[in-house]
J.: 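Below you will find the structure I want to go over with you.
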Amino acid sequence: MNSGLRRWWPLPVVLVLIWAVLGYFLTKPPDFHDYRRAAVQAAESGYNALATAQMTVQEQLAGKTTGRFTDGTLQRSSDTLAGAWKEFAAATPVDDATEGIRDELGPLLLSAVTVLGNLRVAEDVGSGATARALDAVDPVAEQLNDFVDRHK
Amino acid sequence: MKKLLGITLGILTAIGGFVDIGDLVAGSEAGSRFGLRHAWVLGVGVLGICAYAEMAGRVVAVSGRPVFDLVRERLGPRVALVNLTASYLVTLLTIGAEIGGVALALELLSGTTYLVWLPAVALVLWLALWRVRFETLERIFGLGGLALVVFAVAVFRLHADWPALAGQARHISPPQGENWPNYWFLAVSLFASALTPYEVFFFSSGGVEERWTAKDLGQSRINVFIGFPLGGLLALSVLVTSALVFYPRQVSVDSLNQVALPAVIAFGKVGLGLAILGFFSATSAPRWRPACRRPTRSGSTSAGRGASTCSPGRPPGSTPCCW
């Protein structure tokens with residue numbers, strides 16, 4: 001081996017070490033903290049989706065934005081919520097405490113999906129129906145925010 | 001009078017051209033999650049870009065050569081290759097983000113998903129880069145970017161609580177519920193969005209193409225030292241409006257629709273229209289310029305119709321790069 005190549009021997013060693021450390025963190029079984037983190041992230045995403053939809057629809061009811069913008073924002077909020085649900089569903093509870101978290105957040109995210117879906121339907125119907133659907137968003141958003149505050 | 005007009009246009013283009021998709025996304029997210037606790041980062045970023053762009057302009061004006069020529073000459077081809085590779089990778093990522101940004105701006109306007117717009121945007125902007133003079137593109141999109149002034153005016157319209165904002169700006173630490181890694185991640189994102197390589201390429205390659213001499217240094221410095229800080233104020237106003245609208249509600253920003261909301265709340269449909277125009281311009285053709293240079297046989301680069309030869313007198317086969 002010539003001296004030029006010999007100088008570079010630490011490089012593969014460092015690469016293997018980085019690979020091993022990354023591999024450990026990617027394959028280690030989830031614990032309570034991992035599950036809690038996943039649940040909080042899902043709740044935050046759900047809250048963001050609802051709050052953004054709420055603000056946008058409020059502006060539309062005030063005649064300050066276009067239907068296309070509102071539709072686009074509601075679509076994006078629905079996508080965000082779907083992503084949050086998927087993320088949450090993919091995490092498996094590891095003990096009684098995490099099962100409690102699952103039992104609390106699961107119904108909340110389902111409610112979020114329902115109220116956001118209702119809001120999208122109501123937006124096509126008219127402003128009266130939209131205002132009523134909007135009223136139902138706030139309590140769910142508040143509960144999600146409260147969940148985040150308690151578990152973060 | 002013509003010179004004054006040129007200087008004014010240069011400054012306005014520098015202001016409008018400062019904000020790009022990175023500033024919009026990173027600024028809004030930082031404002032929504034951390035309030036004004038990252039305002040200092042923008043200041044550091046603006047200082048950095050001013051220092052580097054001025055240096056690049058000075059090197060070109062005095063030597064007639066782009067900065068990369070000097071890097072290669074002084075530090076050798078190996079270091080230059082690392083520099084070249086890194087710059088192209090960053091520019092490639094920037095192109096991807098900018099194409100996505102234009103498509104998202106069109107989605108806001110039309111309601112049709114951005115995925116439909118992506119190929120059309122890529123095609124139209126490629127044609128524009130191929131057929132339209134770069135100076136024209138820079139002027140149109142740079143001035144169009146000035147529509148983002150709507151965010152600066154919205155700061156006043158949203159009834160900012162100035163003492164509270166000043167209090168946030170004084171705290172260089174994450175608020176309760178956030179952590180240091182997230183704080184620094186966004187700080188680096190904001191800094192990188194202010195100090196993007198293509199802005200420096202503009203100065204270096206533009207100077208070579210326009211054959212700057214020492215006489216042009218004055219205008220170059222005016223553009224840099226007035227245009228970029230004012231552009232930085234635009235980026236700051238995106239951060240501030242996000243801090244005013246989203247931070248108190250604890251809503252995190254992760255889409256371009258949300259970035260536009262403060263303008264909508266402040267000015268309604270007019271605000272939305274201006275914000276979309278600003279987003280469109282801020283992500284359009286001039287940002288692609290550095291990536292669209294193509295080497296010619298003589299070792300110079302050509303950048304579409306009207307472009308002049310890069311580094312006249314350079315021997316054939318030397319680095320086909322203008323920055």
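Scope of the values below: all heavy atoms of this structure, side chains included, with no hydrogens, waters or symmetry mates. Letters go in sequence order (proteins before strands), and every chain restarts at 1.
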J.: Tell me whether the count of non-hydrogen atoms from other residues, nucleotides or ligands lying under 6.0 Å of CH2 in B:W180 goes above 12.
T.: yes

J.: Evaluate whether atom CZ of B:R78 has more than 12 neighbouring non-hydrogen atoms of other residues, nucleotides or ligands under 6.0 angstrom away.
T.: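 No, CZ of B:R78 has 12 or fewer neighbouring heavy atoms, counting only those of other groups under 6.0 Å.
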
J.: Do NZ/NE/NH1/NH2 and the carboxylate oxygens of B:E107 and A:R76 come within less than 4.0 Å?
T.: yes

J.: If I compare all heavy atoms of B:K269 with all of A:T65, which pair ends up nearest, and what's the gap?
T.: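 Heavy atoms of B:K269 and A:T65 come nearest at CE-O, 3.4 Å.
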
J.: With a 4.5 angstrom heavy-atom cut-off, is it the side chain or the backbone of A:N48 that approaches chain B, or both, or neither?
T.: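 Contact with chain B involves both backbone and side-chain atoms of A:N48.
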
J.: Counting only heavy atoms from other residues, nucleotides and ligands, does the tally under 6.0 Å from NZ of A:K86 exceed 12?
T.: no

J.: Does atom CZ (A:R68) have a neighbourhood of more than 12 heavy atoms from anything else shown, all under 6.0 Å?
T.: no

J.: Less than 4.5 Å to any heavy atom of chain B: does that hold for the side chain of A:F69, its backbone, both, or neither?
T.: both

J.: At a 4.5 Å cut-off on heavy atoms, which part of B:I276 comes close to chain A: side chain, backbone, both, or neither?
T.: neither

J.: CD of B:Q258 to OG1 of A:T73: how many Å apart, nearest 0.5 Å?
T.: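 Rounded to the nearest 0.5 Å, the CD-OG1 separation comes out at 8.0 Å.
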
J.: Report which part of B:L272 has an atom under 4.5 Å of a heavy atom belonging to chain A: side chain, backbone, both, or neither.
T.: side chain

J.: For B:L261 and A:E59, work out which heavy atoms get closest and say how close.
T.: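 It is CD2-CG, 4.5 Å.
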
J.: Mark yes when over 12 heavy atoms from residues, nucleotides or ligands other than A:H151 sit less than 6.0 Å from its NE2; otherwise mark no.
T.: yes

J.: Using non-hydrogen atoms and a 4.5 Å limit, figure out which bit of B:T113 sits close to chain A: side chain, backbone, both or neither.
T.: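 Neither; nothing under 4.5 Å.
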
J.: Does atom OH of B:Y114 have more than 12 heavy-atom neighbours, drawn from other residues, nucleotides or ligands, at distances under 6.0 Å?
T.: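 Incorrect, the count does not exceed 12.
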
J.: Counting heavy atoms not belonging to B:F185, are there more than 12 under 6.0 Å from its CZ?
T.: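 Result for CZ/B:F185: open.
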
J.: Select, from B:L109, B:L256, B:V251, the one with the greatest count of heavy-atom pairs under 4.5 Å involving chain A.
T.: B:V251

J.: Of all of B:G271, B:S32, B:S252, which one pairs up most often with chain A through heavy atoms under 4.5 Å apart?
T.: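 Counting heavy-atom pairs under 4.5 Å, the top option is B:S252.
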
J.: Looking at A:K64 and B:I265, what are the two nearest heavy atoms and their distance?
T.: NZ-O, 2.5 Å

J.: For B:Q250, is it the side chain, the backbone, both or neither that has a heavy atom under 4.5 Å from a heavy atom of chain A?
T.: both

J.: Identify which of B:L108, B:V264, B:V270 forms the greatest number of heavy-atom pairs closer than 4.5 Å to chain A.
T.: B:V264

J.: Restricting to non-hydrogen atoms, name the atom on B:N257 and the atom on A:G72 that form the minimum distance, rounded to 0.1 Å.
T.: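 Looking at all heavy atoms of both residues, the shortest contact is ND2-C, 3.5 Å.
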
